[in-house]
Amino acid sequence: MYNNSICAFGTKNSAMKKIVISLGGSILFPSLEQNRVQNYVPVLKEIALQYQLFVVVGGGGEARRYIKTARDLGIDEGTADEIGILITRLNATMLVAAMGDDAYPRVAESHAEAKKFAEHKKCVIMGGITPGQTTDAVAAILAERVHASVFINVTSVDGIYNTDPKKDKKAKRYDYLTPRQLLEIVGNVQLVAGLNTVLDIVAARVVERSGIPLVVLDGTDPKNLRSAILNGNYKGTIVSNKKIQPLPI
Ligand code: UTP
């Protein structure tokens with residue numbers, strides 16, 4: 001467990017630091033009935049008091065169900081992606097509404113729009129934007145475009161493993177990876193609609209070129225995200241060009 005504040009990536013008293021979070025649809029909406037929206041809203045609101053927050057919401061199981069049906073109907077992958085994007089935006093719309101006055105009241109449909117919305121100093125929320133990628137890539141590029149201090153991927157596992165920890169009990173978790181090592185790990189995965197890996201290849205490439213540190217952590221309990229950003233405690237994987245030394249707040 002690291003005890004370094006993400007504040008270590010920047011100081012609090014300069015202009016508000018920016019944080020981009022890729023919030024998996026399967027985290028926010030494991031199902032419509034048992035969603036985590038109410039659990040995430042107070043945490044996101046609290047973080048947004050100190051940071052300019054951008055949240056990119058994924059499609060989760062609902063997107064995968066729609067994509068499967070599209071595929072069964074013989075619909076091409078690009079169109080299936082478009083359907084997936086609509087579901088991510090639906091989930092994002094739910095979060096925008098649940099955040100009330102603390103979020104900009106519209107889902108951004110491009111990075112440029114997200115930057116524009118951020119001028120209002122509220123949490124900016126978006127989903128997917130273009131076929132051939134996942135919301136992790138959207139978030140990685142957004143982090144690059146807004147010069148975020150850190151990019152956080154909130155997922156259903158507590159970091160990046162050498163094999164799938166849900167299938168392999170001997171899977172080894174990495175505390176630290178270089179962007180190049182990350183690319184090697186995710187590089188062999190085929191890109192199809194509804195892909196479900198810890199990070200897509202486009203996102204991994206952008207992480208490498210931007211040099212913005214990526215933290216992958218378990219978001220099944222939103223307290224993990226809160227603790228990582230506000231207290232500096234997290235269990236997960238950091239991907240960075242240099243091994244960032246734990247720093248107290
Ligand atoms: P997600 O980003 O949700 O993919 O987008 P995911 O890996 O299933 O993530 P979780 O489960 O939410 O964590 C769902 C699908 O929408 C399409 C892709 O087909 C993706 O698999 N999509 C999403 C795009 O084509 N472009 C985008 O910008 C975003």
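Numbers here are sequence positions counted from 1. Quick note: numbers below take in every heavy atom, side chains included, and nothing from hydrogens, waters or symmetry partners. Note that the structure is a prediction, hence the values are computed from the model and not measured. All ligand and atom numbering here is 1-based and tracks the order in the structure.
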Within the structure, does Ile129 bring an N/O atom to less than 3.5 angstrom of an N/O atom in ligand 1? yes
Numbered atoms and elements of ligand 1 in range of Val138, under 4.0 angstrom, heavy atoms: 28 (O)
Side chain, backbone, both or neither: which part of Ile67 has a heavy atom under 4.0 Å from ligand 1? side chain
Under 4.0 Å from one or more heavy atoms of Gly24, ligand 1 contributes atoms 12 (O), 13 (O)
Taking only Lys NZ, Arg NE, NH1 and NH2, and the carboxylate oxygens of Asp or Glu, determine whether Lys116 and Glu113 approach each other closer than 4.0 Å. no
Should Ile19 and Val57 be regarded as members of a common hydrophobic cluster, given that ILVMFWY residues are connected when their side-chain heavy atoms come within less than 4.5 Å of each other, either directly or indirectly? yes
By number and element, which atoms of ligand 1 are closer than 4.0 Å to a non-hydrogen atom of Gly59? 1 (P), 3 (O), 12 (O)
Is the shortest heavy-atom distance from the side chain of Thr237 to the side chain of Leu177 under 4.5 Å? yes
Would Leu90 and Val56 show up in the same hydrophobic cluster when neighbours are defined by side-chain heavy atoms closer than 4.5 Å? no
Counting heavy atoms under 4.0 Å, the part of Glu82 that contacts ligand 1 is neither
Could you tell me how the ring of Tyr104 sits relative to the ring of Phe117: parallel (under 30°), tilted (30 to 60°) or perpendicular (over 60°)? parallel
Please work out which of Val56, Asp81, Thr130, Val202 has its closest non-hydrogen atom nearest to atom 26 (N) of ligand 1. Thr130
Per-atom contacts of ligand 1 with Gly84, taking only distances under 4.0 Å to non-hydrogen atoms: 16 (O)
Contact atoms of ligand 1, heavy-atom distance to Gly60 under 4.0 Å: 3 (O), 10 (P), 11 (O), 12 (O)
Tell me if the OH atom of Tyr174 is crowded by more than 12 foreign heavy atoms within 6.0 Å. yes
Tell me, yes or no, whether the heavy-atom count around Asp101 atom CG, taken from other residues, nucleotides or ligands under 6.0 Å, exceeds 12. no
Distance filter under 4.0 Å to Gly25 heavy atoms, resulting ligand 1 atoms: 10 (P), 12 (O), 13 (O)
Are any non-hydrogen side-chain atoms of Glu208 and Leu182 less than 4.5 angstrom apart? no
Suppose I only count heavy atoms of Gly132 and a 4.0 Å limit; which atoms of ligand 1 are within that range? 25 (O)
Just so I know, are the side chains of Ser26 and Arg64 near enough to count as touching, which here means a heavy-atom distance under 4.5 Å? yes
Thr135 contact mode with ligand 1 (heavy-atom cut-off under 4.0 Å): both
So is there a nitrogen or oxygen of Gln133 less than 3.5 Å from a nitrogen or oxygen in ligand 1? yes
Going by the atom numbers of ligand 1, which of them fall below 4.0 Å from some non-hydrogen atom of Pro131? 25 (O)
